[in-house]
There are 2 protein chains.
Amino acid sequence: MMTDSRSADRDAATDALFKALSDGTRRALLETLVREGEQNVQALTQQSGVSQPMVSRHMAKLKRAGLVTARRTGRETWYAARVKGLAPVIGWMAVHGALWSQRFSALEGLGK
Amino acid sequence: MMTDSRSADRDAATDALFKALSDGTRRALLETLVREGEQNVQALTQQSGVSQPMVSRHMAKLKRAGLVTARRTGRETWYAARVKGLAPVIGWMAVHGALWSQRFSALEGLGK
DNA sequence: TTAACCCATAATCATTGGGTTATGGATTGG
DNA sequence: CCAATCCATAACCCAATGATTATGGGTTAA
């Protein structure tokens with residue numbers, strides 16, 4: 001049930017998700033997880049080009065947005081991409097109706 | 001041709017696009033254009049809940065991101081959603097390969 | 001137990017960015 | 001020509017954020 005006509009674009013989860021994706025460093029971190037699977041903070045720090053604390057904070061934000069999961073074993077924290085996390089993005093695009101939806105067929109062409 | 005292994009997530013256009021979508025007010029403005037078609041700044045201001053200068057600045061950002069087009073006639077500026085503008089978002093998702101691509105089939109179910 | 005290691009948080013800084021009101025340029029209407 | 005209208009830009013405020021170094025808590029190893 002829609003409580004406000006503007007709620008679709010003001011949804012807190014959707015907002016957190018788009019904000020999480022709006023930074024290049026975070027997107028790069030996420031892509032590393034997608035490509036290379038679960039990684040600990042050490043490994044992510046080495047490939048990211050930013051400091052370890054920054055990686056921790058970026059991962060926290062990605063986690064709050066639902067884009068990664070965290071699994072702690074001993075002193076290491078292992079992060080993994082959470083595939084379902086992008087669903088709200090797809091949902092947001094779908095909300096715009098047939099106009100945008102038509103373009104989704106182009107996905108097949110883009111799928112490399 | 002890929003000039004840098006990290007370039008996919010550091011591409012300036014992609015960054016501008018995600019940043020443009022990361023604000024709820026801008027997404028609401030964009031959705032208005034998608035739903036109701038071309039609108040001038042006046043109309044957008046009335047429905048947005050923010051001041052006219054803020055609308056102008058948001059629209060400028062959406063335009064730089066390639067999500068809207070602007071057409072000036074006399075003293076009015078008419079903005080329209082640019083459907084192709086979302087392609088890089090879809091492209092970015094596709095870059096992540098089959099892992100994400102599988103989920104795109106869920107679009108059909110989400111398409112209302 | 002002590003040292004080394006992994007990670008998260010705190011403190012700090014500079015920049016970005018959303019918001020406002022004020023202003024001004026360009027266009028239309030009397 | 002003058003006034004009203006439409007929009008963009010400027011000036012400003014404050015909160016959020018990306019980044020750093022410093023610190024500290026918890027875990028493994030010697």
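Just so you know, these numbers use all the heavy atoms, side chains as well, and skip hydrogens, waters and symmetry mates. Convention: sequence-line order gives letters A, B, ...; per-chain numbering from 1.
- Taking the charged nitrogens against the carboxylate oxygens, A:Arg35 and A:Glu31 do have a contact shorter than 4.0 Å, which makes a salt bridge.
- In this structure, CZ of A:Arg64 is placed 12 Å from P of C:dA8, rounded to the nearest angstrom.
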Could you run through nucleotides 5-17 of chain D and give me one letter per nucleotide, 5' to 3': B if any protein heavy atom sits under 4.0 Å from the base, S if only the sugar-phosphate is that close, - if neither? BSBBB-B-----S
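- For A:Arg71 (side chain) and A:Trp78 (main-chain N/O), no donor-acceptor pair under 3.5 Å exists by modelled atom type.
- Atom CZ in A:Arg72 sits 8.0 Å away from atom OH in A:Tyr79 (nearest 0.5 Å).
- Between A:Ser51 and D:dA19 there is no side-chain polar atom (N or O) within less than 4.0 angstrom of OP1 or OP2.
- Distance CG (A:Leu62) to P (D:dG18): 10 Å, rounded to an integer number of Å.
- Proximity of B:His58 to the phosphate of C:dG17: no side-chain N or O atom is located under 4.0 Å from OP1 or OP2.
- Checking D:dA19, C:dT20, C:dG18 against the side-chain heavy atoms of B:Val50 singles out C:dT20 as nearest.
- Heavy-atom minimum distance, B:Trp92 versus A:Leu30: CH2-CD2, 4.1 Å.
- A salt bridge links A:Asp15 to A:Lys19: at least one charged side-chain nitrogen sits closer than 4.0 Å to a carboxylate oxygen.
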Test side-chain hydrogen bond (donor to acceptor under 3.5 Å, both in side chains) applied to A:Gln47 and A:Thr32, step by step: CA-CA 9 Å; A:Gln47 76 84 36; A:Thr32 296; 3.1 Å; yes
